[in-house]
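Reviewing the structure listed below.
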Amino acid sequence: MIEIRIHGRGGQGSVVASKIFAEALFLEGKYVQAFPEFGTERRGAPVQAFVRCGETPILVRSNIYEPDHVIVLDASLIEMVNVVSGLKRSGFILINSDLGSGNYNFPEYRVALVDATKIAVRHKLGTPTTPIVNTVILGAFAKITNLVSFTSLEKAVRDYAPVKIDENVAAAKETYENVKI
Amino acid sequence: MKKLLMGNHTVSWGAMLARAQVIAAYPITPQTQIVEELATLCAEGKAKAQFIKVESEHSALASCIGASAAGARAFTATSSQGLALMHELLHWAAGARLPIVMANVNRAMAPGWNIWTEQTDSLAQRDTGWIQFYCENNQEILDSIIQAYKISETVSLPSMIVLDAFFLSHTTEPVEIPPQELVDKFLPPYKPQYKLDPKEPHAFGGLSSTEYYYELRYKIQKAMERAKEVIEETDEKFNQIFERKYGLIEEIETSDAEVILVTSSTITSTARFVTEQLRKTGKKIGLLKVRVFRPFPSSEIRDALSNCEKVAVIDRNISFGSGGIFASEIKSAIQKMGKQPVIFPFIAGLGGRDITVPQIEEMINYTFENAKPKEEILWRGLKYENI
Amino acid sequence: MKEKKIKFNKIGDLPYLTVSLGTTRVNLTGQWRSFRPVIDYQKCTRCMICWKFCPDVSVIKEPNSKKAAPSEKIAHLPAPVINYDFCKGCGICAEECPVKCIEMKPEKK
């Protein structure tokens, strides 16, 4: 069973990201469980969302403490939240960032970076001040973890994106093809 | 058709498939998505129901009582404070023998304000005459709502489908949605024996003096007892059409178990994983899921616990001045047994504090290692040392 | 006011009921804000409807105010002043202002 944790700020689409990724896994026949960290939410506050997936029905229903992978939608969270808490050594931490890897101090983990913000703005997702980065970063995540094919991810994005479906897909495809580890 | 659905939306789809005709509900975290999805389904024409906007949960249930009395299939949903606000009408709906179905999202009672899961809200209403189903996963929520209407309409008692806040209500997982035709085959339209009808006027719920009240209450208890058989028959019929069954309880590897763990709600799901792992190490551990709390399946539980020495019960609830409520009812039920197992009453997870795999393991190990519980209540997961 | 972190060691350290310990004055909940109300005192008639409607008690009456006033006639009246320490930017004041002199401006990060 694989456990994934997504860090974001309220309003950035962390929860939708968890559902899109769960849908993509589900389309490939996996058993999934997606849930948000439950709290009093407001825009801008740090939030977490989770995904569990496996080949057999998921029985465990407690919170996730030792994720296999972590996605960070907003790099400014790294100063205030321990985004690598419990992360397994073998897993990835994928950060939405326009800075180089030298700027992040995670020596024990495999760090992947993608400038999801720039790509989202270029594809006109959201607004220039609040771009929607969740679909974009999932493209990269799918590629580095190889957990789902792009075809499944595309279908899931098409199901969930309320507007600009093609732009979302194109942006996700761009990160899928261009992510650097 | 399998679909990824959040627990709350699963409730909405269940009410829609069961062809609820009147829906009256008031929003409360963590139930609001139930009502939002039902409103969307009604607006899209998929759910053919009348939606009554009300200003409180008390009015929500009052509206359902009126609708059900008029012969409509009524549905509502609430949680904690909302359920508490409905309290006098919970007694009413059962006393009036109305087959209303309600979804209650288990949430802790205030103060302090706590939106996370705890079973006390629904268990505190255990005396009101409502049938209560405690769900382990989203599929069970959907299936139980559909079953509940059939059961309630047969015994003329209302049903409460209970689901954990967030661990089910906001958790998205695959749910098999049956086609409407199949549900219609299983659940025909509601035909009450008596209903509000100007063409055939009756007066309902009037004065019942010491001459009549007692017998009417006796009949409610008898209906609850009959409900046990009806739940099992309905489950059987459901299984024939949909190939899924649940029962009053479920026993997992209990026949040769030395210790049996008794759980309910989502704790059962995590416990399945824990007991499966412990069995691999050779521990003779069994698991008993209690799905139906009212009517309390005493004889079924006695049979399930008849061969083991010790029983660990996890209660995510408390009756102040007493202890965990499932443990208390189990202790009563086992009175009739010749040789009674020792009960280890654990309380954990109040106010939504997580109940983890290691914690359940510890509770099981404690039970194996001790002849009897060292305290009246075995509190687990408290953050600080005792006073 | 300096805040001190309260640490609990035993359950006995917690209060017996749900109550905030110490003063809530140091918890400046205005930090939640995404938009802030800004009053244009040249237009403000000092009717105090914003003060009345604020659900948070974050509009204060400032007597003998030095704020600009549109006319001598009202300059003696107390002026409404937003308490940005606690104002959460709900916008009700702007909505209810009869002369629309309150603008909701985005908080700069």
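Each chain gets a letter, A, B and so on, in the order the sequences are listed, and its residues count up from 1.
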Step through the shown structure and confirm whether more than 12 heavy atoms of other residues, nucleotides or ligands are within 6.0 Å of [atom1] on [X].
X        : atom1 : answer
B/Glu44  : CD    : yes
A/Lys88  : NZ    : yes
B/Lys245 : NZ    : no
A/Glu55  : CD    : no

For chain A, the option from B/Asp354, B/Thr171, B/Thr270 that forms the most heavy-atom pairs under 4.5 Å: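 Highest number of heavy-atom pairs under 4.5 Å: B/Asp354.
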So, taking the atom named [atom1] in [X] and the one named [atom2] in [Y], what distance separates them when rounded to the nearest 0.5 Å?
X       : Y        : atom1 : atom2 : answer
A/Tyr31 : B/Glu173 : OH    : CD    : 11.5 Å
A/Thr56 : B/Phe273 : OG1   : CZ    : 9.5 Å
B/Lys3  : A/Glu23  : NZ    : CD    : 7.5 Å

Looking at B/Val274, B/Val357, B/Thr356, B/Thr266, which hits side chain to side chain contact (heavy atoms under 4.5 Å, CB included) with A/Val60?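 Among B/Val274, B/Val357, B/Thr356, B/Thr266, the one that satisfies the side chain to side chain contact (heavy atoms under 4.5 Å, CB included) with A/Val60 is B/Val357.
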Part of [X] lying under 4.5 Å from any heavy atom of chain A:
X        : value
B/Gln359 : neither
B/Asn137 : both
B/Lys2   : both
B/Leu4   : both
B/Leu168 : side chain

Considering all heavy atoms of both residues, which atom of A/Arg61 and which atom of B/Ser269 are nearest to each other, and what is their separation?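 Smallest heavy-atom distance, with atoms named: NE-OG, 3.1 Å.
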Closest approach of B/Pro174 to A/Phe26 (non-hydrogen atoms, all atoms of both residues):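 What the structure gives for the nearest pair is CB-CE1, 3.6 Å.
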Measure A/Phe50 against the heavy atoms of chain B and call it side chain, backbone, both or neither at under 4.5 Å.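 No part of it gets close to chain B.
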